Undergrad: 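Pasting in a structure now, in structure tokens, and then I'll have a few things to ask.
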Number of protein chains: 2
Amino acid sequence: MTRPAIRLVLADDERMVRTALRAILSAEPDLEVVGEATTGAEAVSVVRELRPDVVLMDVRMPEVDGIRATEQLVATMAEPPRIVVVTTFENDSYVYDALRAGAAGFLLKRSDADALVQAVRLVARTDSLLFPSAVRALAAEHGRRAAPSAPWVSKLTGRERDVLRHMADGLTNAEIARRLEVGPATVKSHVAAVLAKTGTRDRTQAVIAAYEAGFLSVG
Amino acid sequence: MTRPAIRLVLADDERMVRTALRAILSAEPDLEVVGEATTGAEAVSVVRELRPDVVLMDVRMPEVDGIRATEQLVATMAEPPRIVVVTTFENDSYVYDALRAGAAGFLLKRSDADALVQAVRLVARTDSLLFPSAVRALAAEHGRRAAPSAPWVSKLTGRERDVLRHMADGLTNAEIARRLEVGPATVKSHVAAVLAKTGTRDRTQAVIAAYEAGFLSVG
DNA sequence: GAGCCCCTCCCCCGTGCGGCGGAGACGGAT
DNA sequence: ATCCGTCTCCGCCGCACGGGGGAGGGGCTC
């Protein structure tokens with residue numbers, strides 16, 4: 001049963017992460033890391049050129065993020081590779097976007113080496129298992145809730161949107177800070193900006209406004 | 001690294017399917033089929049008794065179907081096993097129900113032996129991989145449209161509903177007290193009860209829960 | 001280079017909020 | 001007659017929150 005090795009590309013802007021992933025994956029005889037990328041744009045070109053079987057794609061990357069890179073690859077390649085989106089937190093709203101963009105899998109950075117390797121093998125070899133097109137359908141439907149939007153939506157900066165999304169998950173400022181990997185004071189600033197722009201007085205009203213404006217894809 | 005074998009229970013009303021699954025799975029040294037069931041009801045009792053690591057659960061079964069059996073197991077067991085729901089068609093609406101019921105995975109009957117084995121190993125060993133809580137969230141949301149209201153809704157008293165509605169209007173406790181013509185302390189009590197019954201931490205989370213449960217008339 | 005926006009982070013301060021642990025009154029159930 | 005659930009209300013406490021008013025750096029445009 002000697003199959004050709006599974007060819008992998010790693011896309012992550014942090015060298016340490018790439019190194020760690022490479023170390024884990026290269027230890028497996030049936031896995032071969034054929035390329036790396038440090039930005040979303042680079043990921044797209046590297047993947048187009050090398051045509052790997054699986055891509056481990058970080059969400060957070062300079063220039064073009066992992067979601068957009070995934071979108072582009074899935075949309076433009078005849079036979080796109082299986083793309084596994086890697087992130088730190090499972091409740092990240094990125095998840096939905098990742099699935100909608102066409103990601104085949106979703107992996108947490110805190111996964112152990114064993115899980116990582118098995119996940120790679122799994123997505124590489126099969127297309128009929130854990131949540132295949134069904135998930136795509138779910139995510140697509142989720143996204144179809146693209147609502148008309150309220151006036152204030154367009155006035156929010158990128159960071160403010162991030163913060164509002166997390167507010168709408170019921171997180172405290174401290175928790176949001178941890179997830180966004182910034183200081184609590186920063187989150188406070190963004191929250192204040194969100195409250196001002198949404199014309200609300202506290203986080204609860206802001207979340208209500210978000211729901212009613214269809215800002216959240218749930219609505 | 002000799003780990004204890006992964007203990008499996010197969011639940012399927014067709015003997016042929018069980019035999020086939022058993023043949024495939026038993027060929028692997030690290031997998032052990034410890035029990036079988038032919039109905040949903042039987043699956044529940046067998047699983048409760050044997051406490052396997054993974055259950056392969058057919059959707060279509062006599063008496064109680066696989067979805068309900070999954071629901072019951074996940075809801076009632078302290079440490080429910082990983083339940084992989086098995087079906088024939090991927091666009092089956094069962095998929096959504098399965099995920100919502102708490103299934104850890106979803107497998108198509110046309111999967112080859114290799115995929116089956118790997119899927120079992122994967123769900124057994126890890127809980128942080130391909131589409132974890134995110135899928136659950138998606139499925140839950142999907143279900144909300146079809147079947148509104150959450151379990152906690154019916155448990156709220158009349159007054160608690162009143163208070164929750166006003167909370168969802170973004171009012172403070174003092175404001176709610178004025179509208180309901182009661183003391184602020186009373187509102188606090190009701191709010192506390194609402195938080196307890198909705199399993200939320202603060203009013204923001206409670207409002208989110210209300211929105212997502214379709215508790216509000218306009219949502 | 002000046003101006004502007006965005007993101008980051010800091011201080012102080014008042015308070016709304018939620019947890020904890022009560023209590024009295026009413027009404028329906030058995 | 002007793003019990004239980006509901007609604008009403010109390011005090012105390014700690015903390016997360018939001019307001020006010022900043023500061024510094026990077027990136028953009030003009």
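Because the structure is a prediction, the values reported are computed rather than measured. Below, chain A is the first sequence line, B the second, and so on; all start at residue 1.
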Undergrad: Find the distance B/Leu171:CG to C/dG16:P and express it as a whole number of Å.
TA: 14 Å
Undergrad: Quick check: closest heavy atoms across A/Thr198 and A/Val194, and the distance to 0.1 Å?
TA: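 Minimum heavy-atom separation between A/Thr198 and A/Val194: OG1-O, 2.6 Å.
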Undergrad: How far apart are the closest heavy atoms of B/Gly40 and B/Ala69, and which atoms are they?
TA: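 In terms of heavy atoms, the two residues are closest at O-CB, 3.7 Å.
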Undergrad: Out of A/Lys188, A/His190, A/Arg203, which residue meets the side chain to side chain donor-acceptor pair (under 3.5 Å) rule with A/Asn173?
TA: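 The single option meeting the side chain to side chain donor-acceptor pair (under 3.5 Å) with A/Asn173 is A/Arg203.
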Undergrad: Sub-3.5 Å donor-acceptor pair from the side chain of B/Ser45 to the main-chain atoms of B/Glu42, do we have one?
TA: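 Answer holds: yes.
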Undergrad: Show each protein N/O and nucleotides 4-7 of chain C N/O combination with a separation under 3.5 Å, one pair to a line.
TA:
residue : atom : partner  : partner atom : Å
C/dC7   : OP1  : A/Arg159 : N            : 3.0
C/dC7   : OP2  : A/Thr157 : OG1          : 2.5

Undergrad: For side chain to side chain contact (heavy atoms under 4.5 Å, CB included), just list the numbers for A/Val191 and A/Met167, CA-CA rounded to whole Å, side-chain angles, deciding distance to a tenth of an Å, and then say yes or no.
TA: CA-CA 9 Å; A/Val191 169; A/Met167 286 165 71; 4.1 Å; yes
Undergrad: For B/Asp202 and for B/Val187, locate the closest nucleotide of DNA chain D by heavy-atom distance; then report the residue assigned to the nucleotide nearer the 5' terminus.
TA: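 Going by which nucleotide is closer to the 5' end, it is B/Val187.
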Undergrad: Indicate yes or no for a side-chain donor-acceptor contact from B/Asp169 to the backbone of B/Leu171 under 3.5 Å, with no hydrogens or angles considered.
TA: no
Undergrad: When you measure from every atom of DNA chain D, which of residues 172-180 of chain B have a heavy atom less than 4.0 Å away?
TA: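 Result for residues 172-180 of chain B: none.
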Undergrad: Atom CG of B/Leu156 to atom P of D/dC7: distance rounded to whole Å?
TA: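 Between P of D/dC7 and CG of B/Leu156: 10 Å.
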Undergrad: Would you check if the side chain of A/Arg18 reaches a backbone N or O of A/Thr38 as a donor-acceptor pair within less than 3.5 Å?
TA: no
Undergrad: Can you tabulate the close N/O pairs, meaning under 3.5 Å, that link protein atoms to atoms of nucleotides 19-26 of chain D?
TA:
residue : atom : partner  : partner atom : Å
D/dG19  : O6   : A/Lys188 : NZ           : 3.2

Undergrad: Just verifying a value: how many Å separate A/Leu8 CG and A/Asp53 CG, rounded to the nearest 0.5 Å?
TA: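 Interatomic distance, A/Leu8 CG to A/Asp53 CG, rounded to 0.5 Å: 7.5 Å.
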Undergrad: Of B/Val54, B/Val9, B/Val47, which meets side-chain contact (heavy atoms from CB on, under 4.5 Å) against B/Pro81?
TA: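 Output: one option passes, namely B/Val47.
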Undergrad: Measure CG/B/Asp162 against P/D/dT6 and give the value in whole Å, please.
TA: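 In whole Å, D/dT6 P lies 14 Å from B/Asp162 CG.
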Undergrad: Report yes or no: does A/Arg161 contribute a side-chain atom to a donor-acceptor pair with the main-chain N or O of A/Leu156 at less than 3.5 Å?
TA: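 Flag set: sc A/Arg161 to bb A/Leu156 pair under 3.5 Å.
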